[in-house]
Participant: 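Attaching a single structure in structure tokens format; questions to follow.
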Amino acid sequence: MRVLMIAPPGAGKGTQSALIAAHFGIPHIATGELLRDHVARRTDLGLAVQEYLDRGELVPDQVVLDMVREALVAAKAAGGGYVLDGIPRNMRQARAAYLVGRELGMTADVALHLDADDAEVTRRLLARAALEHRSDDTAEVIAQRLALYHEVTSPIICWYRDRGILVSVDAMRPAQQVGREILTALEAMRPLLDQGPGQARHPGDLATLGEAFGASG
Ligand code: ADP
């Protein structure tokens, strides 16, 4: 199972990605976590990206793309499945991730969109801020991250819809309920995806699934 997550900050991307990864026994590749880990370890990369994270801006595309390529190569060796959480965040990253996936023979089966409105995600992020102290969970930086999401990330949803791999779920509900719906949808798709190695999947195979699982039209 190969899944890309697309969601505004605070929609539950990290939580649901971890659930999917555990359920299918596949690696969870979270760009934000990888970047925060570099910052915490004060690596050269961490020092270079810290300001972007603190301001709620996107780090340069090439930085994340290099990290993701490395993680995908490792995922391939581990069986070929993955949950990508945090990329793509703009059209350029979407195209680049697709090209890397194609080169490695592991393009995404599903683009999973978690749909939640700004008021709800802001409320959740401020609640998390009280517990976790992430440097970018302040009201001002949250507003900046949301603005970026609407401006450059949400437009790529259409691209996945056109490719026939979009599944959209209502993420306004409690995490457990959202998780159940996601696993049910992904399990229903599994028989279509598990075709042996070498049997190239016809690109049209998934064309109707977005609709079947409630992708908004
Ligand atoms: P959230 O979705 O809640 O903003 P993430 O942990 O996914 O949290 O990302 C945190 C920060 O890491 C982003 O605000 C951005 O600065 C950086 N980041 C993560 N993924 C990317 C990416 N694909 N491209 C550019 N910057 C990224």
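Everything numeric here is computed off the predicted structure, so don't read it as measured data. Every number for a ligand or one of its atoms is a count from 1 in the order of the listing.
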Participant: Taking 4.0 angstrom as the limit and counting only heavy atoms of I87, give me the atoms of ligand 1 inside it, by number and element.
Facilitator: 23 (N)
Participant: Considering only the protein, which heavy-atom contact is closest to atom 3 (O) of ligand 1, and what is its distance?
Facilitator: R145 NH2, 2.7 Å
Participant: For atom 7 (O) of ligand 1, which protein heavy atom lies nearest, and how many Å away is it?
Facilitator: K13 NZ, 3.0 Å
Participant: Need the ligand 1 atom indices (1-based, order shown) with element for anything under 4.0 Å from a heavy-atom of G86.
Facilitator: 20 (N), 21 (C), 22 (C), 23 (N)
Participant: With a cut-off of 4.0 Å, which atoms of ligand 1 are near a heavy atom of L35?
Facilitator: 12 (O), 17 (C), 18 (N), 19 (C), 27 (C)
Participant: Return the residue, atom name and 0.1 Å-rounded distance of the protein heavy atom closest to atom 8 (O) of ligand 1.
Facilitator: R134 NH2, 3.1 Å
Participant: Nearest protein heavy-atom contact for atom 15 (C) of ligand 1: which residue, which atom, what distance?
Facilitator: E57 O, 3.4 Å
Participant: Classify the side-chain pair H150/D118 by whether it contains a donor and acceptor separated by less than 3.5 Å.
Facilitator: yes
Participant: To check you understand the geometry: which heavy-atom pair defines the closest contact between A75 and Y82, and what is its length?
Facilitator: CB-CB, 4.3 Å
Participant: Looking only at protein heavy atoms, which one is nearest to atom 19 (C) of ligand 1, and how far off is it?
Facilitator: R89 NH1, 3.3 Å
Participant: What atoms of ligand 1 come closer than 4.0 angstrom to any heavy atom of L58?
Facilitator: 25 (C), 26 (N)
Participant: Among protein heavy atoms, which sits nearest to atom 24 (N) of ligand 1, and what does the distance come to when rounded to 0.1 Å?
Facilitator: Q93 NE2, 2.8 Å
Participant: Less than 4.0 Å between a side-chain N and a carboxylate O, is that true for E181 and R173?
Facilitator: yes
Participant: Considering only heavy atoms of V64, which atoms of ligand 1 have at least one such atom less than 4.0 Å away?
Facilitator: 21 (C), 22 (C), 23 (N), 24 (N), 25 (C)
Participant: Going by atom types only, do H38 and Q50 share a side-chain donor-acceptor pair under 3.5 Å?
Facilitator: no
Participant: Relative to atom 11 (C) of ligand 1, which among L53, V141, D85, V59 owns the nearest non-hydrogen atom?
Facilitator: L53
Participant: Just need the protein heavy atom nearest to atom 10 (C) of ligand 1, so name the residue and atom and give the distance.
Facilitator: R36 NH1, 3.5 Å
Participant: Q93 and side-chain contact (heavy atoms from CB on, under 4.5 Å): which partner among T31, I156, V152, D61?
Facilitator: D61
Participant: Does R123 come within less than 4.0 Å of D117, counting only side-chain N to carboxylate O?
Facilitator: no
Participant: Does a salt bridge link E132 with R134, judged by any charged N lying under 4.0 Å from a carboxylate O?
Facilitator: no
Participant: We want to know whether D115 and S168 form a side-chain donor-acceptor pair, criterion being a heavy-atom distance below 3.5 angstrom.
Facilitator: no
Participant: Out of all atoms in ligand 1, which are within 4.0 Å of some heavy atom of T31? Include the element for each.
Facilitator: 19 (C), 20 (N), 21 (C)
Participant: Please indicate whether E120 has more than 12 foreign heavy atoms, meaning atoms of other residues, nucleotides or ligands, lying under 6.0 Å from its CD.
Facilitator: yes
